[in-house]
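These notes are about the structure you will find just below.
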There are 2 protein chains.
Amino acid sequence: MEASIEFLTKKLTNRDIRPSYQRIKVLEYLYRKGGHPTVDEIFRALSPDIPSLSKVTIYNTLHTFVEMGLVRAIDIDDTEMRYDITLSNHGHFLCEACGTIFNFEVNIDQIPIEGLNQFKITEKNVYFKGLCPNCLNQLSHRKKEQK
Amino acid sequence: MEASIEFLTKKLTNRDIRPSYQRIKVLEYLYRKGGHPTVDEIFRALSPDIPSLSKVTIYNTLHTFVEMGLVRAIDIDDTEMRYDITLSNHGHFLCEACGTIFNFEVNIDQIPIEGLNQFKITEKNVYFKGLCPNCLNQLSHRKKEQK
DNA sequence: GTTCCTGCAAAAGCTTTGCAGAAGA
DNA sequence: TCTTCTGCAAAGCTTTTGCAGGAAC
């Protein structure tokens, strides 16, 4: 995905976020790497390039990004929060064997619901859990070996 | 909701869970109170009746219940896990003002999705966030007062 | 008698807070 | 100059773990 300094800086200033070096680097990582990284993942990836970097800054940065609508916070993992640069409506699938989170298409606005007539909805989430194809394969191979 | 000792004991033994006093009390609370209590909520409610009760036991008990399919764990709150005795398919709505969680009807199996053909799905969750009617009312009243 | 459960104490792990110095406008 | 940001240290919180005594079967 494109992630030039100019592109990243504009993304930030468009949302009234000062384009500090750390923020640009975090945003760059989110675009470059994609997926649904944790704070720790981002920290470990950027730390070598920015020796002075603190985890607190990652927390601060991501809070700002979420507040300003630049990224989505995903609370699917039991222990750590995850962050997603993809804003379009989609669901999340957590593989309980390998921990990977996959996106899948779901038209959230078309989900038929009942009982929320008087409610103001600001956020919709769909998340599934189970086993991804990779882990399913490995499991079936193991079973064969045991025979 | 009915919650006699016999009923609760049977619910436990049906799932191969030994009906200890603590477990019966926790299960009774879940049936009686309903809703989506946290560990701390349950602990504070039962502690007066069971002075020796430990929070660890609540954790242990709920883990067992979830593992044995007696209750559902809900990870909608950012900080604390919540537990739900209602097993039927339904969505959860978190009011970001008062923190209350509401159930709503959603036929999860009919949600049209794409991209999970090879996946084994074991759990489906739908949760929304926003403002409940009560909090919406209070907000509009405050605005009127400010005029 | 043997297995399982409870609860104390402590630890673990993620996240937040207070604050001083640095950077940016 | 004045506001904002960064990062260290410490604290806050929920949850987990180790272990010894007790309960259940």
Side-chain angles (χ1 to χ4, degrees), chain A residues 5 8-10 12-29 36-68 70-71 73-83 99 101, chain B residues 5 8-10 12-29 36-68 70-71 73-83 99 101:
Chain A
I5 302 291
L8 297 166
T9 304
K10 200 169 180 184
L12 292 172
T13 52
N14 278 350
R15 302 264 182 177
D16 285 327
I17 304 169
R18 281 199 194 172
S20 78
Y21 181 64
Q22 287 85 342
R23 286 169 175 170
I24 289 176
K25 281 297 185 183
V26 170
L27 190 61
E28 182 187 35
Y29 180 83
H36 312 81
T38 63
V39 166
D40 193 61
E41 235 171 297
I42 300 172
F43 176 73
R44 277 181 292 131
L46 300 184
S47 205
D49 284 348
I50 320 170
S52 70
L53 184 66
S54 163
K55 231 179 219 181
V56 175
T57 301
I58 314 274
Y59 278 107
N60 288 335
T61 299
L62 291 170
H63 285 174
T64 306
F65 286 2
V66 170
E67 194 183 350
M68 296 311 199
L70 202 54
V71 310
I74 305 173
D75 195 7
I76 192 172
D77 190 315
D78 280 353
T79 56
E80 289 169 280
M81 195 64 92
R82 290 164 176 280
Y83 296 89
I101 294 178
Chain B
I5 302 291
L8 297 166
T9 303
K10 200 169 180 185
L12 292 172
T13 51
N14 277 349
R15 302 263 181 179
D16 285 327
I17 304 170
R18 281 199 194 172
S20 78
Y21 181 64
Q22 288 87 341
R23 286 169 174 172
I24 289 177
K25 281 298 184 181
V26 170
L27 190 61
E28 182 187 37
Y29 180 83
H36 312 82
T38 62
V39 167
D40 193 61
E41 234 170 299
I42 301 172
F43 176 73
R44 277 181 291 131
L46 300 185
S47 206
D49 284 350
I50 318 168
S52 70
L53 184 66
S54 162
K55 230 178 220 181
V56 175
T57 301
I58 314 275
Y59 279 106
N60 288 335
T61 299
L62 290 171
H63 284 174
T64 306
F65 287 2
V66 170
E67 196 184 349
M68 296 312 198
L70 203 54
V71 308
I74 305 173
D75 194 8
I76 191 171
D77 190 313
D78 281 353
T79 55
E80 288 169 280
M81 195 65 92
R82 290 163 176 280
Y83 296 88
I101 294 178

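Just so we're on the same page: letters track the sequence lines, and every chain starts at 1. Note that the coordinates shown come from a computational prediction; the quantities given were computed from them, not determined experimentally.
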Comparing B:V39 and A:N60 on DNA chain D - which has the more 5′ nearest nucleotide: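 The answer here is A:N60.
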Quick check: on DNA chain D, is the nucleotide nearest B:S20 upstream (toward 5') of the one nearest B:H63, or the reverse? Name the residue that is more 5'.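 Its nearest nucleotide being more 5', the pick is B:H63.
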Taking the side chain as C-beta and beyond, is there a heavy-atom pair between [X] and [Y] under 4.5 Å?
X	Y	value
B:L62	B:I42	yes
B:D78	A:M81	yes
A:L12	A:F65	yes
B:Y29	B:K25	no

If each of B:L53 and B:R18 is mapped to the nucleotide of DNA chain C with the nearest heavy atom, which maps nearer the 5' terminus, i.e. the 5' end?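 Residue closer to the 5' terminus by nearest nucleotide: B:R18.
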Please state how far atom [atom1] in [X] lies from atom [atom2] in [N], giving the value in whole angstrom units.
X	N	atom1	atom2	answer
A:I58	C:dT16	CD1	P	14 Å
B:L12	D:dC25	CG	C1'	16 Å
A:D16	C:dA25	CG	C1'	14 Å
A:I24	D:dT6	CD1	C1'	15 Å
A:I42	D:dG7	CD1	P	14 Å
A:F43	D:dC8	CZ	C1'	12 Å
B:L62	D:dT15	CG	P	10 Å
B:E67	D:dT16	CD	P	12 Å

Write down the atom of B:L53, the atom of B:S47, and the distance for their closest heavy-atom approach.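 So the two residues come closest at CD2-N, 4.2 Å.
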Show the nearest heavy-atom pair for residues A:T9 and A:I24, with the distance to one decimal.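 Shortest heavy-atom separation between A:T9 and A:I24 comes out as OG1-CD1, 3.8 Å.
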Nucleotide of C:dT6, D:dG7, C:dA25 approaching B:Q22 most closely (side-chain heavy atoms):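 Of all the options, the side chain of B:Q22 is nearest to C:dT6.
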Value rounded to 0.5 Å, distance of OH in A:Y83 from CG in A:L70: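 Going from the OH atom of A:Y83 to the CG atom of A:L70 covers 13.0 Å.
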Short heteroatom pairs, N/O only, protein and nucleotides 10-14 of chain D, under 3.5 Å:
residue	atom	partner	partner atom	Å
D:dT14	O3'	B:T79	O	3.4

Does B:S54 make a side-chain N or O approach to OP1 or OP2 of C:dT6 shorter than 4.0 Å?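 The answer is no; no side-chain N or O of B:S54 sits under 4.0 Å from OP1 or OP2.
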Touch check for A:S52, heavy atoms < 4.0 angstrom, all strands: base, sugar-phosphate only, or nothing?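 Counting heavy atoms under 4.0 Å across all strands, the contact made by A:S52 is with sugar-phosphate only.
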